[in-house]
There are 2 protein chains.
Amino acid sequence: MKKDLRIIKTQESLRHALLTLLKSKPLETITIAELCRLANINRGTFYLHYRDVHGVFKHYLEVIIEDFRQSYEEPYYKTNFHIQNIKADMVKIFHHVKKYQDFYQIIFDERIPMTYYYLLFDTIRSFMKENLDDSPWMGEPNIKLEYLLSYQTNAILGILMEWHRQEYKTSIQELNQQLIAILSINNLFTRG
Amino acid sequence: MKKDLRIIKTQESLRHALLTLLKSKPLETITIAELCRLANINRGTFYLHYRDVHGVFKHYLEVIIEDFRQSYEEPYYKTNFHIQNIKADMVKIFHHVKKYQDFYQIIFDERIPMTYYYLLFDTIRSFMKENLDDSPWMGEPNIKLEYLLSYQTNAILGILMEWHRQEYKTSIQELNQQLIAILSINNLFTRG
DNA sequence: ATTTTTAATGAACAGTTGTTCAATAAAAAT
DNA sequence: ATTTTTATTGAACAACTGTTCATTAAAAAT
């Protein structure tokens, strides 16, 4: 019932080769042919496992997302103040991105397809969804959760995008302060 | 000092051919070769004007963005209530996307590179930046505008993404109501 | 109207892509 | 240990890519 050893070997070779190539050239310039040459895998075999180079990369991303999920689920002391819980959650996100900075640099690259962005989006969005249950405005009748979730999720991704553009120079502490400041400013949003 | 007529003719042929092909197949599957065949342009000539098929598409997008800019700049009666001004601005964005729905369906496709997303992002972000001057929290000392702008811009793009995922079935009025509701909910954000 | 400049063409090249198929080799099942 | 199943290989194919270069044709400048 286990997976054929050859399959594992082939896929690992390809993934390893991709990592090696990524050290010297951008993802978008890596061809299937050169990947196979380096991995000592027949090019025909490649297509038995992946459709394109992105398929190989995506596998890595799935591992990273899994790690993300685990570190996010880790319990912490939840206060009754929603903003403090938010804060604790966001710190986790920032730490995760920092941890895999090399990958996120690729994901946010303008030549890369939206797939990866959406993968990250959906992950964070599912986190948000869980948190929503403990939130104070769950009673709101005339609000579609879908829009609220996508709004808030993508807002956070906006912070990450800006972080990326500033080449990850902003510290996590600083990032956190900014987020808090933004949230309290939006508090004034409707009054101004 | 004017541009050579041949250049204009060639580029127009290619753009027109792209539009035709887009009616029957997704952007990502259109090859340079077939585009040139349809446009009656030598493939070598193509490379004198564009690097890839996306280059041709991007030209269209630039025209669309220009139209966006113009419709956004149109004056309207600004109230003293920031949220009402926001509302009027957002309606413009929604209308624009609806107007060019066929294009935005492509731009938000997961196979498409992030470039287009960023182009839209930067456009909306520049609108936001203008508006920021009249906003009540400009005095805030310890906040970096860059992060605030990216946060708010991408939040709006989150709404657009959700709209896209729901196949643009939500009406603009409904969309607007949702946005207002979200903004007032975020008002509670820090208190909960 | 003629000359000059510049764009478009066609042909050719090595390399990549995606697919098929018979032959081989390696793992799994007995 | 032998058989059965399944993955990998290598070769071949047509089509696409990105580039070069001499030739042709069409605009622009005079």
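What's counted below: heavy atoms across the whole structure, side chains too, no hydrogens, waters or symmetry copies. Residue numbering restarts at 1 for every chain, and letters A, B, ... go by the order of the sequence lines.
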For a quick test of reading the model: is some side-chain N or O of [X] closer than 4.0 Å to OP1 or OP2 of [N]?
{"X": "B:T10", "N": "C:dA8", "answer": "yes"}
{"X": "A:N42", "N": "D:dT8", "answer": "no"}
{"X": "B:H49", "N": "C:dA7", "answer": "no"}
{"X": "A:R37", "N": "C:dG15", "answer": "no"}

Quiz item: cation-pi between B:R165 and A:Y118, 6.0 Å / 45° =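 Here B:R165 passes the 6.0 Å and 45° test against A:Y118.
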Atom [atom1] of [X] and atom [atom2] of [N]: how far apart are they, to the nearest Å?
{"X": "B:L35", "N": "D:dG18", "atom1": "CG", "atom2": "C1'", "value": "16 Å"}
{"X": "B:H54", "N": "D:dT17", "atom1": "NE2", "atom2": "C1'", "value": "15 Å"}
{"X": "A:I30", "N": "C:dT16", "atom1": "CD1", "atom2": "P", "value": "13 Å"}
{"X": "B:Y50", "N": "C:dA8", "atom1": "OH", "atom2": "P", "value": "11 Å"}
{"X": "B:R51", "N": "D:dG18", "atom1": "CZ", "atom2": "P", "value": "8 Å"}
{"X": "B:E34", "N": "D:dC16", "atom1": "CD", "atom2": "P", "value": "8 Å"}
{"X": "A:I8", "N": "C:dA26", "atom1": "CD1", "atom2": "P", "value": "17 Å"}
{"X": "A:I41", "N": "D:dG10", "atom1": "CD1", "atom2": "P", "value": "11 Å"}

Classify the angle between the aromatic ring planes of B:F46 and B:Y50 as parallel (below 30°), tilted (30 to 60°) or perpendicular (above 60°).
->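 Plane angle between 30° and 60°, so tilted.
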What is the ring orientation for B:Y116 with B:H54, classed by angle as parallel under 30°, tilted 30 to 60°, or perpendicular over 60°?
->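 Because their plane-to-plane angle lies in the 30° to 60° range, the rings of B:Y116 and B:H54 count as tilted.
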Applying a 4.0 Å non-hydrogen cut-off, can you work out what [X] is touching in the nucleic acid: base, sugar-phosphate, or nothing?
{"X": "B:D52", "value": "nothing"}
{"X": "A:T45", "value": "base"}
{"X": "B:I32", "value": "sugar-phosphate"}

Can the ring centroids of B:H96 and B:Y104 be said to lie less than 6.0 angstrom from one another?
->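 Ring centres of B:Y104 and B:H96 closer than 6.0 Å.
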Answer with yes or no after comparing the ring centroid distance for B:F127 and B:F68 against a 6.0 Å cut-off, counting only values under it.
->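 B:F127 vs B:F68: aromatic centres under 6.0 Å.
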Among D:dT19, D:dC16, C:dA27, which nucleotide sits nearest the side chain of A:D4?
->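 Within the option list, the nearest is C:dA27.
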Among the candidates D:dT17, D:dA27, C:dT19, find the nucleotide nearest to the side-chain atoms of B:Y47.
->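 Shortest atom-to-atom distance from the side chain points to D:dT17.
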Which base, if any, makes a Watson-Crick or G-U wobble pair with D:dT30, both distances under 3.5 Å?
->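 Looking at the geometry, D:dT30 pairs with C:dA1.
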Look at the side chain of B:R6 and the base of D:dA27, then say whether one donor and one acceptor between them are separated by less than 3.5 Å.
->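 Donor-acceptor pair under 3.5 Å: no.
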More 5' along DNA chain C: B:K9 or B:R43, using each one's nearest nucleotide?
->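 Between the two, 5'-proximity favours B:K9.
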